[in-house]
Asks: 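Quick one: this structure, given as C-alpha cells, is what I'll be asking you about.
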Number of protein chains: 2
Amino acid sequence: MGVIETAIDTIKQMIVDGELRPGQKLPIEKELADQLGIARNTLREAVRALIAMRVLQTRQGDGTYVTSLSPALLLDGMSFVADIHQHAGAGEFLHVRRILEAEATALAAVRIPDEHLVVLGNLLEEAERLAAAPEIDHGKLVALDQDFHSLITSHCGNAVLAAVIQNMSGRTIRARIWRGMTDPQAVQRTLGEHRAVYQALLARDPERARIHAAMHVLGVEESLPDFASGSLGTTAPPLPS
Amino acid sequence: MGVIETAIDTIKQMIVDGELRPGQKLPIEKELADQLGIARNTLREAVRALIAMRVLQTRQGDGTYVTSLSPALLLDGMSFVADIHQHAGAGEFLHVRRILEAEATALAAVRIPDEHLVVLGNLLEEAERLAAAPEIDHGKLVALDQDFHSLITSHCGNAVLAAVIQNMSGRTIRARIWRGMTDPQAVQRTLGEHRAVYQALLARDPERARIHAAMHVLGVEESLPDFASGSLGTTAPPLPS
DNA sequence: AATCCATATTCATCGGATCAATTGGAGCTG
DNA sequence: CAGCTCCAATTGATCCGATGAATATGGATT
C-alpha cells in the first residue's frame, strides 16, 4: 500500500479510535508529517483526500480540524454521484428516493412540530403564487420544492435516513425535472401532490402521508422522458491490464 | 474558491460534459497541470481528492484514468461513514437498510435467476454447518452473511438501490453484530430468518420476501445493545469562528 | 474597555529533483 | 517466425525547499 494511503488510514483510525474527536485541531502540517514519517506534500495529499470525504476541514492561517462527522455532512458527497448519472441513472436514484421518502414522510407525520407545519403551508402558498404568475421562475420553484421536502424528511427522527434522501436527487436532476415541466398542468399537478402530502401531515396520518409521498415521487419518475429505459449497470470499457 | 477546488470542479465538469469518458486516460500530470495553469503538486492534490471519490484512479508508471463511474463504485465510500458511526448511529443505518432491503428483496423475488437461488441454498447450508460446529468461526459467518444479502439485493434490478444497501451496514457494524451473538440461540434464529427469506424467494413471492427481509433486519436492530437510544444528530463542538 | 495594527503562525501554492513501477521495443534464442 | 529477456523511456509517487495568503495573537493606542 502506498505511503499516502497508509497516512489516510492512519488518520481515519485515529478518528475511529477516538484519538481525534470531532472539532479537534490536528497538529500543524510539518509536525504531523514528521510524526507520520512522511513529507509535507505527501501528508497534504492524504489530508486532501479526507477533505473530499468531509472528514477534515482546513482553514488557511488557522489549522486543520476534524469536522462534525455528522451523517448529513459525510453523506452529502453522494449528491455528486447522482449528478454524474443524470442521464441514464436518474430513474434508479428516484426509485430509491421514492422508497425512502415514503417511509420518512410517514415517520414525520407523527413527529413534525406544529410550527413547522405552518412553515410548510407558507412554502406551499408561495409556490402556488409563483406557479400562477405569467412567467414561471423555475429556479425559485426548484428551491421551494427542495425546502418543502427537506423540511419534512428532516423530521423523520433518523438523521441518516434524512441525509440519504437529501442526496438521492441531486440539484441537477431536480432542476432538470422542473425545467422539463413546460406544461403548466404538470406544475399544477405536482403542487397538488405537495398539498396532498401536506394535508396528510396536518391530519397526523402516517399512512396517508406515506402513500401521497410515494405517489408524488412516482409521478416525478413517470414524467422523466427516459422512464421506460430499464438500462442497468453502467457499461464502461475495462482498464488496460 | 481555492486553486485546488477550482481544478477539482474543472475535472468534474469535464466528466459531466462527456469530455472525459469512463475508462479514459488523462493527460500526464505535467501536461494537465500546464493546461490548467497550476503546479504539478497542486494538480496532484486535486487528483487525490477525485481518487478519494472513486472518480479517478492512478497506476504508477502507466497513467491516470477515469473509473467506470458505476453507482456501486461511487457509492461505496459510504461504508466508511457507517463505520465511523458504529457506536451511536448504528441503529439509524440499520433502519435505512431495513427499509431498502425489504423492498429490494421483494423486487429480487421475481428477478433472481434459478441458478443463483441454488447458490443461495448452498450459502445457507454452509452457514448452518458452521453454526453447528463446536467452535463457531464468526469471521466466516460474517462473510457468508454478506454474500447472502448482496447476492439477493444485487438482483433487485436497480444498481443504485443495491449499492446503497450494500453500504448501509459497514463491515465494522456487521462484524460487531455477529460477534455480539454469544448466544447460540441467536445465531440459530438469524439463520432461520435467512432460510425464511430464501423460501420466499424460492416461492417467487415478493410480499413474503419483503416481510421476512424486514423482519430479519429488524431482529438485528433489536439485538443491538443500544437499540433504545434515540440519540439523533451528532453533537460536535463548533469551529472557532 | 474597545479598537487598531504589526507580527507570528499556519495553510496554499509553486518549482524542481529523485525514486519506483509500468510499458514497449530492441535484441536474442530456439 | 514465435517467444523470451532485458534495457530504456514514460509516468506516477515521494521528497525538499521557498514564497504567498489568510488568520490569529498580543501589544499599543484611544
Side-chain angles (χ1 to χ4, degrees), chain A residues 1-12 14-15 20-69 73 237-241, chain B residues 1-12 14-15 20-69 73 237-241:
Chain A
M1 194 169 50
V3 177
I4 295 181
E5 288 147 20
T6 306
I8 294 174
D9 286 345
T10 302
I11 298 176
K12 265 188 186 174
M14 287 168 68
I15 291 175
L20 282 176
R21 311 196 128 276
Q24 188 174 337
K25 186 175 180 177
L26 270 68
I28 62 177
E29 287 181 344
K30 173 86 176 72
E31 202 170 311
L32 185 53
D34 288 347
Q35 181 181 328
L36 296 177
I38 62 179
R40 224 195 83 185
N41 263 339
T42 310
L43 170 67
R44 276 188 62 82
E45 288 194 37
V47 168
R48 182 60 59 180
L50 290 166
I51 289 174
M53 301 180 207
R54 307 287 204 277
V55 170
L56 296 182
Q57 176 187 353
T58 56
R59 293 163 42 113
Q60 183 174 354
D62 183 2
T64 303
Y65 297 84
V66 180
T67 67
S68 69
L69 298 181
L73 182 65
L239 279 179
S241 60
Chain B
M1 191 169 51
V3 177
I4 296 180
E5 288 146 21
T6 305
I8 294 174
D9 286 345
T10 302
I11 298 176
K12 265 190 189 174
M14 287 167 70
I15 292 175
L20 283 176
R21 309 197 128 277
Q24 188 174 338
K25 185 175 180 176
L26 272 68
I28 61 178
E29 287 183 343
K30 174 87 177 70
E31 202 171 311
L32 185 53
D34 288 346
Q35 181 180 328
L36 297 177
I38 61 180
R40 210 174 73 106
N41 266 333
T42 310
L43 170 67
R44 276 188 63 82
E45 288 195 39
V47 168
R48 181 61 59 179
L50 291 166
I51 290 174
M53 302 180 206
R54 307 286 205 279
V55 170
L56 297 182
Q57 175 186 353
T58 57
R59 292 161 44 115
Q60 184 175 354
D62 184 2
T64 303
Y65 297 84
V66 180
T67 67
S68 69
L69 298 179
L73 183 66
L239 280 180
S241 61

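Lettering follows sequence order; numbering is per chain, from 1.
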Asks: So if I take residues 39-51 of chain B and measure heavy-atom distances to DNA chain C, which residues fall below 4.0 Å?
Replies: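 Close to the strand are B:A39, B:R40, B:N41, B:T42.
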Asks: How long is the line joining OH of B:Y65 and C1' of D:dT10, in whole Å?
Replies: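 The answer, rounded to whole Å, is 11 Å.
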Asks: Between A:Q57 (CD) and D:dT23 (C1'), how many Å, whole number?
Replies: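 Rounded to the whole Å, the gap is 14 Å.
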Asks: Is the side chain of B:T67 donor-acceptor paired with the backbone N or O of B:Q57 at a distance under 3.5 Å, no angle test?
Replies: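 No, because the side chain of B:T67 does not come within donor-acceptor range (under 3.5 Å) of the backbone of B:Q57.
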Asks: Does any non-hydrogen side-chain atom of B:I4 lie less than 4.5 Å from one of A:R44?
Replies: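 They are in contact (side-chain heavy atoms under 4.5 Å apart), so the answer is yes.
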Asks: Can you identify which nucleotide, out of D:dT23, C:dC14, C:dC11, has its nearest atom closest to the A:I28 side chain?
Replies: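 Of D:dT23, C:dC14, C:dC11, C:dC11 is nearest to the side chain of A:I28.
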Asks: What is the distance, rounded to the nearest whole Å, between atom CD of A:E5 and atom C1' of C:dA21?
Replies: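 Computing the A:E5:CD to C:dA21:C1' distance gives 14 Å.
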Asks: Expressed in angstrom and rounded to an integer, what is the separation of B:D34 atom CG from C:dC14 atom C1'?
Replies: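 Taking atom C1' of C:dC14 as the reference, CG of B:D34 is at 12 Å.
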Asks: Atom CG of B:L36 and atom C1' of C:dT13: how far apart are they, to the nearest Å?
Replies: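 These atoms are roughly 14 Å apart.
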Asks: Can you sort out the partners of B:E31 under side chain to side chain contact (heavy atoms under 4.5 Å, CB included), two or more places apart, ordered by chain and number?
Replies: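 By the side chain to side chain contact (heavy atoms under 4.5 Å, CB included) rule, B:E31 matches B:P27, B:I28.
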Asks: Among residues at least two apart in sequence or on other chains, which ones pass side chain to side chain contact (heavy atoms under 4.5 Å, CB included) with B:T64?
Replies: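 B:L26, B:V47, B:L56, B:T58.
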Asks: Is the phosphate of C:dC11 approached by A:T64 (side-chain N or O, under 4.0 Å from OP1 or OP2)?
Replies: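 For C:dC11, OP1/OP2 do have a side-chain N/O of A:T64 under 4.0 Å.
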Asks: Could you tell me how far apart A:I38 (CD1) and C:dT18 (C1') are, to the nearest whole angstrom?
Replies: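 Roughly 18 Å, once rounded to whole Å.
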Asks: Classify the side chain of A:Q60 and the base of D:dA21 as holding, or not holding, a donor-acceptor pair under 3.5 Å.
Replies: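 Counting by modelled atom types and ignoring angles, a donor-acceptor contact under 3.5 Å is found here.
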Asks: Applying side chain to side chain donor-acceptor pair (under 3.5 Å), name anything that partners A:D34, two or more places apart in sequence or on another chain.
Replies: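 If we apply the side chain to side chain donor-acceptor pair (under 3.5 Å) test to A:D34, skipping adjacent residues, the hits are A:K30.
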Asks: With sequence neighbours left out, write down each residue that passes side chain to side chain contact (heavy atoms under 4.5 Å, CB included) with B:D9, or none if nothing qualifies.
Replies: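 Here the qualifying residues are B:M1, B:K12.
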Asks: Measure from CD on B:E29 to P on C:dG16 and round the result to the nearest Å.
Replies: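 Going from B:E29 (CD) to C:dG16 (P), I get 15 Å.
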Asks: Could you tell me which residues satisfy side chain to side chain donor-acceptor pair (under 3.5 Å) with A:R48, sequence neighbours excluded, listed by chain and number?
Replies: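 Listed in chain order: B:E45.
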Asks: What is the distance, rounded to the nearest whole Å, between atom CE of A:M1 and atom C1' of C:dA21?
Replies: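 So the CE-C1' distance, A:M1 to C:dA21, works out to 18 Å.
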Asks: Any side-chain N or O of A:T58 below 4.0 angstrom from OP1/OP2 of C:dT10?
Replies: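 Answer is no, no contact under 4.0 Å.
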